[in-house]
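Remember, predicted model here, so these are calculated numbers, not experimental data. Letters A, B, ... mirror the listed sequences (proteins, then strands); counts begin at 1.
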Amino acid sequence: MGQGFFLLFAAGAVVTALTVVLARNPVHSALALMACFLQISAIFVLLEAPLLAVVQIFVYVGAIMVLFLFVIMMIDVREAVLQRFLPGHNLPALALLVVLGVEMLALVLWSGRFSAIEPITPHEGDQVRQLSTTLFADYLLPFEVASIILLAALVGAIVLARKESG
Amino acid sequence: MVPLWWYISLAVVLFVIGAAGVLLRRNILVVLMSLELLLNSVNINFIAFGRYYGDVRGQIFAIFVIAITAAEVAVALGILVALVRNKSTLKIDDVTTMKG
């Protein structure tokens, strides 16, 4: 049953990701990206990471996508809508992408180390409790550094988006 | 159960699609969204490896990636608003101010 769900969510994620890249209107891209994030959060649920699924929905769909849509509404995208998108326009980049994808897929499929079917997670106790204990005990310094980075980004975004006179 | 390489293959496909968006599109907004796609495919890899090898640190690094992504998007959209206010363009080819 898990395989069927995985195929469903993976197909949805790939189709919406293609829509993000191929859509001409940035608003359509943003909405497709939101759908893609929802599929990926469903895949996190399949991976038994419910906390990450909730964080994904809150942060990406709730905060980042609202920020994207806000900026799209604030700036004028009509000129960008008019320009056409031709995938064959940049042939070296296209060839590079094909090589990259074939190489990575060949490496993954050739190697026998990724063929694990059954996860070896020992189901001992609450998983979220274990996660948060590791986060706040072993990784306290990176956590604080991340909070400082977020504060700096907040101040920087306000300063950058402010009008010059104000 | 789902084999591990299914998750990695999905992450590879999403990564290539995101890289295509970064390299081929000329709209700055779509390039930023494709960057989000790249980071999400990396997150899938982190969580899948953490699950299949019984290590909780995969999820912790995914949390850090999400936090840094939020900061990156805030700064990038601030820069974008300032750019549109100054040059009124969204095409990446028109933004060549820092070229030497």
_Donor-acceptor pair, distance only, cut-off 3.5 Å: does the side chain of Arg57(B) make one with the backbone of Thr134(A)?_
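Here the side-chain-to-backbone pair does not exist.
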
*Using atom types as modelled and distance alone, determine if a side-chain donor or acceptor of Arg25(B) lies under 3.5 Å from a backbone N or O of Val21(A).*
yes

In terms of heavy-atom pairs under 4.5 Å with chain A, which of [options] leads?
| options | result |
| --- | --- |
| Ile66(B), Val13(B), Val73(B) | Ile66(B) |
| Ile68(B), Leu80(B), Thr69(B) | Thr69(B) |
| Ile8(B), Leu77(B), Ile63(B), Asn40(B) | Asn40(B) |
| Ile79(B), Leu23(B), Val75(B), Ile47(B) | Ile47(B) |
| Trp5(B), Phe15(B), Trp6(B) | Trp6(B) |

Interchain contact, [X] with chain B, by part (heavy-atom threshold 4.5 Å):
| X | answer |
| --- | --- |
| Phe5(A) | neither |
| Leu97(A) | both |
| Val20(A) | both |
| Leu109(A) | side chain |
| Ala63(A) | neither |
| Phe37(A) | side chain |
| Leu7(A) | side chain |
| Ala152(A) | neither |

_Aromatic contact between Tyr7(B) and Phe6(A), with the criterion being ring centroids under 6.0 Å apart: yes or no?_
yes

Following the transitive rule for hydrophobic clusters with a side-chain heavy-atom cut-off under 4.5 Å over Ile, Leu, Val, Met, Phe, Trp and Tyr, establish whether [X] and [Y] coincide in one cluster.
| X | Y | value |
| --- | --- | --- |
| Tyr60(A) | Val15(A) | no |
| Leu32(B) | Leu154(A) | no |
| Leu52(A) | Leu38(A) | yes |
| Phe64(B) | Leu151(A) | no |
| Ile60(B) | Phe49(B) | yes |

Over all heavy atoms of both residues, which pair between [X] and [Y] is shortest? Give the atoms and the distance, please.
| X | Y | result |
| --- | --- | --- |
| Leu47(A) | Arg51(B) | O-CD, 2.7 Å |
| Ala67(B) | Leu150(A) | O-CD2, 3.6 Å |
| Ala157(A) | Ala74(B) | CB-O, 3.6 Å |

Would you mind telling me which of [options] has the largest number of heavy-atom pairs within less than 4.5 Å of chain B?
| options | answer |
| --- | --- |
| Asp138(A), Val59(A), Ile40(A) | Ile40(A) |
| Leu100(A), Val55(A), Leu105(A) | Leu105(A) |
| Ala146(A), Gly156(A), Ala49(A), Gly101(A) | Ala49(A) |
| Val159(A), Ile64(A), Ile43(A) | Ile64(A) |

Hey, does [Y] have a side-chain heavy atom less than 4.5 Å from the side chain of [X]?
| X | Y | value |
| --- | --- | --- |
| Val71(A) | Val81(B) | yes |
| Leu37(B) | Cys36(A) | yes |
| Val16(B) | Met104(A) | yes |

Measure [X] against the heavy atoms of chain A and call it side chain, backbone, both or neither at under 4.5 Å.
| X | value |
| --- | --- |
| Phe61(B) | side chain |
| Val30(B) | side chain |
| Leu10(B) | side chain |

*asked:* For a side chain to side chain donor-acceptor pair (under 3.5 Å) check, start with the C-alpha distance between Asn43(B) and Gln56(A), then their side-chain angles and the critical distance, and finish with the verdict.
replied: CA-CA 10 Å; Asn43(B) 269 348; Gln56(A) 171 97 359; 4.8 Å; no

*Evaluate side chain to side chain contact (heavy atoms under 4.5 Å, CB included) for Leu24(B) paired with Leu94(A), printing each intermediate quantity in order.*
CA-CA 8 Å; Leu24(B) 297 179; Leu94(A) 203 60; 3.5 Å; yes

_According to side-chain hydrogen bond (donor to acceptor under 3.5 Å, both in side chains), who are the partners of Gln59(B), at least two apart in sequence or on a separate chain?_
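Applying side-chain hydrogen bond (donor to acceptor under 3.5 Å, both in side chains) to Gln59(B) gives none.
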
_Can you tell me how far apart CZ (Arg162(A)) and CZ (Arg85(B)) are? Round to the nearest 0.5 Å._
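Separation between the atoms: 10.5 Å.
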
_Rounded distance [0.5 Å steps], CE in Met33(B) versus CE in Met34(A)_ = 9.5 Å

*side chain to side chain contact (heavy atoms under 4.5 Å, CB included) between Ile44(B) and Phe44(A), worked out*: CA-CA 7 Å; Ile44(B) 292 177; Phe44(A) 288 172; 3.9 Å; yes

